[in-house]
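Read through the structure below, which is laid out as structure tokens, and then see the notes.
Numbering starts at 1 and runs along the sequence shown. All figures in this text were calculated on a predicted structure; none of them were measured in a lab.
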Amino acid sequence: MITAFSDAFLDAAEYHAAWGAQQLELIGQAVPGGPWSADLDECRYESGGRTLRVGLLGSYDTDEQTWLWGWANPGLRGGAVVAAGERIAEFGRRHGVAELVQEGVDLAGFIDPRHAAEALAFLGAAVLGAPGYLGQEAGPGSRVYFVPQDPQLRPAGFDPVAMPRHLLTGAQLFARSPRRVVEGWFALHGVQVREEADRTTAQLPGGGTTVVSFDELGRISGVDVGPVPA
């Protein structure tokens with residue numbers, strides 16, 4: 001029984017942390033809460049009068065405290081609703097992340113298994129480059145996670161105004177290496193950076209410069225967003 005995620009998982013999660021936090025903020029604003037329904041054969045999710053094409057990211061058995069990736073679900077294997085999930089397993093094989101390659105992950109040994117399930121959903125959605133994920137109770141003892149795959153909901157782009165908030169939020173999610181969080185944020189947004197001992201300097205799209213500073217413990221101590229030319 002595992003009691004914590006592997007270093008490879010946490011490294012990948014932190015790389016995607018700030019970008020993923022930005023996407024969760026987007027989907028929280030774009031998709032209403034409340035009653036929902038899903039048609040897995042049609043890859044359709046409906047909530048609050050909005051309909052999206054989705055894939056099944058995975059499911060969490062709250063009684064057994066186990067996670068099952070959608071692509072490994074025996075009743076759905078090979079179907080359109082889980083097709084994109086194969087890319088998650090491929091990412092896991094390429095980067096040595098066992099939790100993304102295994103069909104299921106036993107989370108009973110974690111202090112907070114539900115939180116661990118959310119972490120798996122978070123990284124899975126981020127690996128797919130998706131605009132967040134949707135987690136819903138699917139009945140007693142079951143929680144399902146959908147990932148948007150709809151052209152009407154695109155991933156959030158680079159936002160210099162909200163950037164400090166996303167970086168700080170991302171650094172708190174796994175609280176391991178803020179520098180890795182900053183590295184991933186800029187790389188996933190296609191922004192070139194210059195690394196120094198106590199700072200990361202980025203040339204922003206359209207002009208301007210951002211400097212992310214780190215203190216002696218490696219924590220983010222400041223995010224200075226320079227003026228962007230009009």
Side-chain angles (χ1 to χ4, degrees), residues 5 9 12-13 16-17 19-92 97 99-108 110 112-157 173 188:
F5 287 121
F9 179 93
H16 291 84
W19 189 90
Q22 180 188 20
Q23 306 313 316
L24 285 180
E25 184 177 282
L26 166 70
I27 202 168
Q29 297 168 350
V31 181
W36 65 279
S37 64
D39 185 322
L40 299 184
D41 291 333
E42 297 294 328
C43 304
R44 185 173 65 245
Y45 176 94
E46 296 182 6
S47 178
R50 180 157 196 177
T51 301
L52 288 174
R53 180 176 177 81
V54 298
L56 179 64
L57 190 61
S59 57
Y60 174 57
D61 186 317
T62 59
D63 294 330
E64 297 294 329
Q65 298 180 328
T66 54
W67 170 271
L68 178 68
W69 288 107
W71 56 265
N73 188 306
L76 300 171
R77 196 188 300 267
V81 75
V82 296
E86 292 288 353
R87 290 162 41 207
I88 299 173
E90 174 56 32
F91 178 96
V97 185
E99 294 92 338
L100 304 186
V101 179
Q102 300 165 205
E103 293 187 354
V105 185
D106 184 351
L107 303 175
F110 283 72
D112 187 344
R114 168 70 173 270
H115 181 74
E118 295 289 334
L120 287 164
F122 178 90
L123 182 55
V127 165
L128 293 178
Y133 66 88
L134 297 155
Q136 296 285 9
E137 303 298 329
S142 179
R143 185 168 172 81
V144 293
Y145 294 84
F146 300 98
V147 60
Q149 298 175 338
D150 196 309
Q152 66 176 302
L153 186 61
R154 299 289 189 181
L173 286 181
L188 292 167

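At least one side-chain heavy atom of Gln152 sits less than 4.5 Å from a side-chain heavy atom of Leu52. Between Phe91 and Leu128 the shortest side-chain heavy-atom distance does not fall below 4.5 Å. Residues Phe122 and Leu173 form a side-chain contact, since some pair of their non-hydrogen atoms from C-beta on lies under 4.5 Å apart. At least one side-chain heavy atom of Leu100 sits under 4.5 Å from a side-chain heavy atom of Trp69. Side-chain contact between Gln23 and His16 is absent, with no heavy atoms from C-beta onward closer than 4.5 Å. A 4.5 Å side-chain heavy-atom check between Gln136 and Tyr145 finds every atom pair outside the cut-off. For the pair Asp61 and Leu68, the minimum side-chain heavy-atom distance is 4.5 Å or more.
With values rounded to the nearest 0.5 angstrom, Leu107 atom CG is found 8.0 Å from Gln65 atom CD. Interatomic distance, CD of Glu118 versus NE2 of His115, reported as 8.5 Å (0.5 Å rounding). Between the CD atom of Glu46 and the CG atom of Asp39 there is a distance of 8.5 Å, given to the nearest 0.5 Å. In this structure, the separation between CZ on Arg50 and CG on Asp150 is 7.5 Å, given to the nearest 0.5 Å. Separating the CD atom in Gln29 from the CD1 atom in Ile27 is a distance of 11.0 Å, to the nearest 0.5 Å.
Between Ser142 and Thr62, the shortest heavy-atom distance links the atoms N-OG1, 3.8 Å. The shortest heavy-atom contact between Gln22 and Gly157 is NE2-O, 2.6 Å. The minimum heavy-atom distance between Trp71 and Gly85, with the atom names listed, is CD1-O, 3.3 Å. Smallest separation of non-hydrogen atoms from Trp19 and Pro155: CZ2-CB, 4.0 Å. Heavy atoms only, all atoms of each residue included: Gly58 and Trp67 are closest at CA-CZ2, 3.7 Å. Phe9 and Ala119 get closest at one heavy-atom pair: CZ-O, 3.8 Å.
The closest donor-acceptor contact from the side chain of Ser47 to the backbone of Pro32 lies under 3.5 Å. Within the 3.5 Å criterion, the main-chain N or O of Gly104 finds a donor-acceptor partner in the side chain of Gln102. The backbone N or O of Gly78 lies less than 3.5 Å from no partner atom in the side chain of Glu86, so there is not a single donor-acceptor pair. Proximity of a side-chain donor or acceptor of Arg44 to a complementary backbone N or O of Ala38 within less than 3.5 Å is not detected. Using a distance-only test at 3.5 Å, with no hydrogens or angles considered, no donor-acceptor pair links the side chain of Arg53 to the main chain of Cys43.
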>> Apply side chain to side chain contact (heavy atoms under 4.5 Å, CB included) to residues Val97 and Val101 and explain how you reach the verdict.
In response: CA-CA 7 Å; Val97 185; Val101 179; 5.9 Å; no

> Given Tyr45 and Gln149, is the side-chain hydrogen bond (donor to acceptor under 3.5 Å, both in side chains) satisfied, shown in steps?
Replying inline: CA-CA 10 Å; Tyr45 176 94; Gln149 298 175 338; over 6 Å; no

> Does the side chain to side chain contact (heavy atoms under 4.5 Å, CB included) test come out yes or no for Ile88 and Leu57, once each step is laid out?
Replying inline: CA-CA 9 Å; Ile88 299 173; Leu57 190 61; 3.6 Å; yes

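The ring of Trp36 has its center closer than 6.0 angstrom to the ring center of Phe146.
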